[in-house]
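First comes the structure, then the notes that go with it.
Quick note: residue numbers are just sequence positions, from 1.
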Amino acid sequence: MDCYQSGNKKARRRSLTASALLVSLLTIVGCLGLVVFSTVLAQQGKKQLTVERIYSKPSLSGQLPRGLQWSPNGEMITYLQPNKAGQMDIWYYEVKTGKRALLVDSKKLLLEEEKIPPEEEEGKSQFQIRRYIWSPTSSHLLFPLQGDLFLYHLSTGTLKRLTATKEMEEEPKFSPDGRYVSFVRNYNLFAIDLKTGQEFALTTDGYKDVMNGKLDWVYPEELEITTAYWWSPDSRYVAYLQMDERPVPEYPIVDFIPYHAVIEPERYPKAGDPNPIVRVGVVALKNPQTIWMDVGKDTDIYIPRVMWLPDGKTLAIQRLNRAQNQLDLLFADATTGKSRCVLRETDSHWINLHDHLYFLKNGKRFLWSSERDGFRHFYLYNIDGKLLRQLTSGNWQVVSLCGIDEKKGIVYFTATEKDVLERHLYRIKLNGSGFKRLTSRDGTHHIVMAPDCRHYLDYYSTVVTPIQLSLHRANGKRVAFIAENQVAELQEYVLSTPEFLIITTEDGVTLHAMMIKPADFDSTKKYPVIVHIYGGPHAQVVRNAWGGNGYLWHQMMVQKGYIIFSLDNRGSYGRGKAWETTIYHRFGEVELKDQLCGVEYLKSLPYVDSQRIGIWGWSYGGYMTCYAMLNAPEVFKVGVAVAPVTDWRDYDTIYTERYMGLPKDNPEGYEVSSPVNQVANLKGKLLICHGTSDDNVHFQNAVQLADKLIKACKQFDLMLYPGKKHGIRGQNARIHLFTKITNYFLENL
């Protein structure tokens with residue numbers, strides 16, 4: 001997509017008029033004028049971005065289908081689409097024929113008690129589809145709505161209410177055979193027999209502090225676990241996590257907006273605090289009495305992953321120690337709880353978790369991934385834990401397991417093999433042969449494989465191309481665009497093409513960086529620079545991928561005369577384990593050293609004003625902004641920190657201890673890594689923005705830093721967002737926030 005071409009006839013007519021003018025002027029100003037007026041011509045008719053437009057609808061990133069899913073039989077792709085009344089219908093794309101059609105008309109979703117007399121106008125249903133869940137048989141859909149569950153029969157078009165309670169039914173699922181629907185209510189597991197309509201409890205001892213089948217805050221946030229219960233393949237058993245949160249301290253989230261402030265306590269384990277005690281239970285549908293799996297005597301552990309083996313009798317449990325440097329794969333007998341360790345991973349720093357465990361249906365082998373050779377790669381084991389072969393290797397890493405075609409013996413996955421700034425789809429056979437890249441377009445590919453692995457969906461983007469969605473055969477050949485997502489409006493704006501750079505440190509380390517210059521860039525001028533930073537583990541800022549609204553805001557600042565610069569320091573994602581572990585037990589130090597190397601590069605450029613360099617970031621980037629302003633006070637004139645961690649003792653156990661260890665074991669590391677201890681160094685202008693209801697990086701971080709700055713008689717600026725969480729979401733809030741940040745740089749840089 002060419003972002004510089006005019007997108008409408010009027011703009012083209014203006015260009016022709018400007019061309020005629022240019023010819024006349026050239027007779028006067030000569031060839032030198034060609035350069036000047038070519039720049040004018042290139043921007044003729046173009047608009048300037050604004051904060052209001054970037055953060056208002058329709059999105060300048062375009063529109064992709066919502067709620068998109070493969071049907072379990074792999075025959076359809078389904079998605080939500082609004083109708084004229086603003087309600088969501090479900091549409092489908094038929095893979096075989098390319099047909100698009102309405103699957104579920106929300107206007108016709110009427111329960112028996114809601115049926116409208118024939119003489120009344122059609123479309124009176126108040127049923128709103130928010131999300132849907134396919135049955136494994138592809139015959140039914142489950143609709144969660146306002147805490148209740150509704151079952152829709154596709155062939156008859158009938159809708160049946162399954163629950164009608166004051167309490168919420170959460171985490172609904174179908175059993176693998178499609179006969180049951182399970183859910184969590186009041187911290188206990190329940191199931192409904194769809195044949196009889198009978199509801200029965202699978203657990204009864206759960207309550208708000210001891211939860212059955214329901215996750216706490218820290219597990220999904222830091223272990224990326226998405227559910228706390230799992231059906232066995234034969235639909236006879238349900239395995240679940242029980243999370244005892246009684247040892248975990250409570251943190252008060254305060255809503256200051258009501259006349260009488262409301263306190264919502266959150267169980268939040270800070271670094272060094274007790275974690276929830278987690279155990280794994282298995283309950284049989286015919287005899288709902290829990291059998292507890294043996295995960296060892298030590299309760300100060302994590303259970304980050306649970307999975308059934310194909311036999312339906314054995315449970316695979318991953319056990320991670322508190323230090324997160326030893327991961328055990330346990331096989332447990334679901335009927336007795338007896339377990340054995342099949343595989344153990346150890347690391348001198350920490351273990352990065354993955355979702356690459358896959359048991360082949362014959363029950364004899366399984367796929368696993370590991371970073372034991374310095375990069376994440378696939379390994380094939382037999383069921384007894386004996387290594388059969390390493391499937392992939394090289395100085396690149398596997399990113400995600402997309403699917404396995406067992407009939408053909410092919411593994412599909414994404415990786416960084418072509419370029420660490422990109423993501424591509426690959427395949428390899430289970431015997432280690434046939435390695436091949438399947439995606440050809442430079443950029444980033446996020447893959448959703450069909451259940452039968454015959455097709456896949458490709459969410460593709462580049463740094464200048466909003467995400468496009470296309471359907472492909474398993475060999476990589478594109479079948480059709482599901483959403484080509486050509487955003488015509490983007491062509492109306494003056495946008496600059498980002499430049500990818502490689503900067504080499506004094507010790508010979510190469511760092512990836514990106515720069516955006518103004519479209520009318522003049523190398524004889526001096527430009528201020530805004531450094532955009534994240535800097536933390538498991539993230540990359542420099543990517544050949546669409547950056548959404550943040551990227552467009554950077555383009556807006558470029559239009560206002562700034563250069564935007566980003567750099568991925570050591571400790572970031574994508575370049576192997578040794579690259580990551582340089583930050584071990586010491587946040588900030590290595591990251592800032594590399595960022596300052598980037599600044600030295602900037603200062604070497606004749607068009608950079610070395611006295612006007614600013615920095616901004618969010619979350620870990622907010623932390624790094626504070627750290628940089630206080631540890632390199634002569635370098636950065638202005639800093640904007642959004643939702644920053646300011647004292648690592650304030651952040652949660654799993655994330656912080658993974659990299660920093662426990663506070664009692666690394667007190668000096670916590671001391672020097674926390675900006676609250678370096679406030680005396682502040683010289684530049686610092687703006688801190690924080691949501692008062694942030695349940696991730698607590699508002700307490702901003703308050704404690706403010707307290708220390710005040711005591712040190714250091715001037716700073718603070719912007720609060722009442723009731724907003726870590727993402728400070730909402731159109732008005734985002735417009736306000738980025739208007740504030742924009743003005744702060746304009747006034748001070």
Side-chain angles (χ1 to χ4, degrees), residues 224-225 230 232-233 304-320 325-333 339-347 351-418 423-439 447-454 456 474-476 574 576-577:
E224 297 181 355
I225 183 172
W230 304 264
S232 64
R305 301 287 186 272
V306 176
M307 181 184 291
W308 284 94
L309 270 66
D311 64 8
K313 301 175 183 177
T314 309
L315 205 58
I317 302 169
Q318 295 184 39
R319 177 180 64 194
L320 183 66
N325 57 16
Q326 179 176 301
L327 178 67
D328 295 328
L329 178 63
L330 308 178
F331 285 178
D333 186 322
S339 67
R340 59 190 176 94
C341 182
V342 176
L343 187 154
R344 171 169 291 177
E345 293 278 355
T346 60
D347 192 278
I351 300 281
N352 287 315
L353 295 170
H354 62 84
D355 289 301
H356 305 154
L357 177 59
Y358 182 97
F359 292 96
L360 298 176
K361 291 184 176 64
N362 63 14
K364 295 180 179 180
R365 297 179 296 172
F366 65 88
L367 190 70
W368 178 260
S369 78
S370 171
E371 294 179 299
R372 67 187 63 159
D373 71 352
F375 293 85
R376 183 164 299 284
H377 286 294
F378 286 128
Y379 296 81
L380 189 67
Y381 286 84
N382 72 13
I383 205 66
D384 295 320
K386 180 183 178 182
L387 178 63
L388 299 177
R389 65 183 64 92
Q390 182 174 346
L391 295 186
T392 60
S393 62
N395 292 338
W396 52 271
Q397 60 190 51
V398 167
V399 176
S400 64
L401 173 62
C402 302
I404 296 182
D405 186 335
E406 294 196 34
K407 291 181 180 179
K408 296 182 178 179
I410 296 175
V411 180
Y412 295 94
F413 61 98
T414 57
T416 62
E417 185 267 347
K418 177 183 178 291
R423 301 292 184 266
H424 285 272
L425 176 64
Y426 298 81
R427 72 182 182 196
I428 195 168
K429 292 185 178 180
L430 287 167
N431 63 11
S433 68
F435 176 79
K436 182 181 180 180
R437 176 160 58 92
L438 299 173
T439 45
I447 305 299
V448 181
M449 210 80 190
D452 57 9
C453 290
R454 297 176 63 185
Y456 65 85
N475 62 8
K577 196 63 186 300

How about L357 and F366: do any of their side-chain heavy atoms sit closer than 4.5 Å?
yes
Would you call the rings of Y426 and F413 parallel, tilted or perpendicular, taking 30° and 60° as the class edges?
parallel
Which salt bridge (Lys or Arg N to Asp or Glu O under 4.0 Å) pairs, counting each pair once, include a residue from residues 364-378, with sequence neighbours left out?
E345-R372, E371-R376
Parallel, tilted or perpendicular: which describes the rings of F375 and H377, with under 30° parallel and over 60° perpendicular?
tilted
Sub-4.5 Å side-chain heavy-atom contact between E417 and H424:
no
Which atoms form the tightest heavy-atom contact between W308 and P233, and what is the distance?
CB-CD, 3.7 Å
Is the gap between the ring centers of F435 and W396 under 6.0 Å?
yes
So D355 and R305, do their side chains get closer than 4.5 Å, heavy atoms only?
yes
If you round to the nearest 0.5 Å, how far is OG of S339 from CG of D333?
10.0 Å
Rounded to the nearest 0.5 Å, how far apart are NZ of K418 and OG1 of T416?
11.5 Å
Could you give the distance from CD (Q318) to CG (L343), rounded to the nearest 0.5 Å?
9.0 Å
Where is the tightest heavy-atom contact between I447 and C402, given as atom of each residue plus distance?
CB-SG, 3.8 Å
Should T439 and Y456 be marked as a side-chain contact (heavy atoms from CB on, under 4.5 Å) after you check the CA-CA gap, both sets of side-chain angles, and the distance that decides it?
CA-CA 11 Å; T439 45; Y456 65 85; 4.1 Å; yes
Closest non-hydrogen atoms of H356 and S400, given as atom of the first, atom of the second and distance, are NE2-CA, 3.7 Å
Dump the intermediate steps for side-chain contact (heavy atoms from CB on, under 4.5 Å) on L330 and R340, then the final yes or no.
CA-CA 5 Å; L330 308 178; R340 59 190 176 94; over 6 Å; no
With a 6.0 Å cut-off (strictly less than), is the heavy-atom count around CD of E224, excluding the residue itself, greater than 12?
no
Distance from F331 atom CZ to D384 atom CG, nearest 0.5 Å?
8.5 Å
Minimal non-hydrogen separation, S232 against G312, with atom names:
CB-O, 4.1 Å
At their closest point, which heavy atom of Q390 faces which heavy atom of T392, and how far apart are they?
NE2-O, 2.8 Å
Between CG of L309 and NZ of K361, what distance do you get to the nearest 0.5 Å?
13.0 Å
Is there a side-chain contact between L353 and L327 (heavy atoms, below 4.5 Å)?
yes
When rounded to the nearest 0.5 Å, the distance separating OH of Y379 from OG of S393 is 8.5 Å
With a 4.5 Å heavy-atom cut-off, do L425 and R437 have their side chains touching?
no
Closest heavy-atom pair and its distance - L391, L430:
CD2-O, 3.3 Å
Taking D405 for its side chain and G409 for its backbone only, find out whether a donor-acceptor pair lies under 3.5 Å.
no
Residue pair I404 / I410, side-chain heavy-atom distance below 4.5 Å
no
S369 versus V398: any side-chain heavy-atom pair under 4.5 Å?
no
Working note: L401 + F378, criterion side-chain contact (heavy atoms from CB on, under 4.5 Å); need CA distance, chi angles, decisive distance, verdict.
CA-CA 9 Å; L401 173 62; F378 286 128; 4.0 Å; yes
Does the plane of the ring in H354 sit parallel, tilted or perpendicular to the ring in W368? Use 30° and 60° as the thresholds.
perpendicular
State, with a plain yes or no, whether a side-chain heavy atom of L315 is found less than 4.5 Å away from one of W230.
no
Give the intermediate values and the outcome of side-chain contact (heavy atoms from CB on, under 4.5 Å) for residues I383 and F359.
CA-CA 9 Å; I383 205 66; F359 292 96; 4.0 Å; yes
Does the pair K577/D347 count as a salt bridge with the N-to-O cut at 4.0 Å?
yes
